[in-house]
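First up is the structure itself, then whatever we jot down about it.
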2 protein chains.
Amino acid sequence: MSQSFSLDPVEVALSPLQRFEEYLQSRGMRMTKPQRLLIEHVFSRHDHFDADTLMDQLKGEVGEIGRIGRATVYRTLNKFVEAGLLRSFTLDGRAVYEHDYGYPQHDHLHCTKCQRLFEFQSEELLTLRDAVAREHRFRVTGHRFIISGICDECQRNRRREKRKHDMI
Amino acid sequence: MSQSFSLDPVEVALSPLQRFEEYLQSRGMRMTKPQRLLIEHVFSRHDHFDADTLMDQLKGEVGEIGRIGRATVYRTLNKFVEAGLLRSFTLDGRAVYEHDYGYPQHDHLHCTKCQRLFEFQSEELLTLRDAVAREHRFRVTGHRFIISGICDECQRNRRREKRKHDMI
DNA sequence: ATCATTGCAAAAGATTTGCAAGGTC
DNA sequence: GACCTTGCAAATCTTTTGCAATGAT
């Protein structure tokens, strides 16, 4: 799962870790090493990822902890979403996660060739969404907008492939 | 999976069945009883459904065929999508299907309380989508826009529930 | 007579859950 | 010490696949 940097972080008072600690305390839950490691890893760079990718990356990290089990990863990601740290959506049957806390609202362009996700912001979209909702007397809680297609780079590559093919 | 009627069918030359037969013939595939039964059932009313719901409904139908296996349902639904008869998207981890052939492009409002899907059309959304794509040099192949929230009816019910609760 | 389709069961892929053991407050 | 969290394995859920039997052209 690849990424694209395009939107700037929003000013926030607390670090993700601090915010999570607050969340845990307010619910009588406990901070642990696996959770801390996951939060640090996940917020060390802004990208999109799924549970499996994350598992793989964690294997790479010379764990101060021997190993983080798959179940723990899933359980912790769910907590992060619950805590408002991450947002998740489904892409091709698997859950994809991205930063929520400290990042502005945005939507996605999905390249069906290279599978990369690109972000964009549109105030207009929110206006449209709210107008539609109002018309239908809906109380909006959120939305999901994904534009799919072929990204610029993949279009170029295809043209190149095509030329190569034409020459044969 | 419930439905809402709001958009009018588009004029089409061929019936879904005829269109499917054309599709099959063009690929050397064969028309069978299960497929015909499924196409008739699915196009007998305009609603959203998932594979499981469909299976359940089929059990009800006094089958001229003894039974349609789960695998056949899945395989046939995929063919329908491939043939352009149905469109599918994912909701809470499962595939949801709806009519495509003979129905205008539209997007959805999803009530997270009663799980119903409501349809709406917005030319403006398409314009916005294409503008965003152009900015990113994306070649658009499609999009997915789902507004989630609470529908009018469920809001009323909640208010009623709340009143009842307040009285106790 | 071909060869696509079916039904069943098994497989696959993603995520969740039960439970004993370990860690945190 | 109470009880939340972990890791592992088993379970779940949805969808796909292998295969022998059946059916369409």
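Just so you know, these numbers come straight off a predicted model, no measurement behind them.
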B:Glu82 atom CD is separated from D:dT16 atom P, nearest whole Å, by 13 Å

Assigning hydrophobic clusters by single linkage (Ile, Leu, Val, Met, Phe, Trp, Tyr; side-chain heavy-atom cutoff under 4.5 Å), is B:Tyr101 placed with B:Phe80?
yes

Walking DNA chain C from its 5' end, the first of B:Gly28 and B:Val73 to be reached, judged by nearest nucleotide, is B:Gly28

The side-chain hydrogen bond (donor to acceptor under 3.5 Å, both in side chains) partners of B:Arg87 (sequence neighbours excluded) come to B:Glu98, B:Asp100

For A:Glu22, the side chain to side chain contact (heavy atoms under 4.5 Å, CB included) test, sequence neighbours excluded, returns A:Leu14

In short, the helix from C:dA1-D:dT25 to C:dC25-D:dG1 is bent end to end, axes from five pairs each side, to 10°, by 30°

Of the candidates C:dT6, D:dC8, D:dG7, the side chain of A:Ile68 sits closest to D:dG7

To the nearest angstrom, the CE-P distance between A:Met55 and D:dT6 comes to 13 Å

Rounded to whole Å, CG of B:Asp92 lies from P of D:dT12 at a distance of 21 Å

Taken to the nearest whole Å, CD/A:Glu21 to P/D:dC4 is 18 Å

Between CD1 of B:Ile39 and C1' of C:dT5 the distance, given in whole Å, is 15 Å

Here the salt bridge (charged side-chain N to carboxylate O under 4.0 Å, His left out) pairs for residues 101-112 of chain A, sequence neighbours left out, are none

Atom CG of B:Leu54 and atom C1' of D:dT15 are separated, to the nearest Å, by 14 Å

Hits for ring pair (Phe, Tyr, Trp, His ring centres under 6.0 Å) against A:His99, two or more places apart or cross-chain, chain-then-number order -> A:Phe43, A:His46, A:Tyr103

A:Leu77 atom CG is separated from D:dT5 atom P, nearest whole Å, by 15 Å

Its contact letters, B for base, S for sugar-phosphate only and - for none at protein heavy atoms under 4.0 Å, make nucleotides 15-23 of chain C read BBBB----B

To the nearest angstrom, the CG-C1' distance between B:Leu38 and C:dT6 comes to 12 Å

For the pair A:Glu153 and A:Lys113, find out whether any cationic side-chain nitrogen is under 4.0 Å from an anionic carboxylate oxygen.
-> no

Residue pairs passing the side-chain hydrogen bond (donor to acceptor under 3.5 Å, both in side chains) test with at least one member in residues 69-78 of chain B, sequence neighbours excluded, are none

Hits for ring pair (Phe, Tyr, Trp, His ring centres under 6.0 Å) against B:His106, two or more places apart or cross-chain, chain-then-number order -> B:His108

By ring pair (Phe, Tyr, Trp, His ring centres under 6.0 Å), A:Phe145 pairs with (sequence neighbours left out) B:His143, B:Phe145

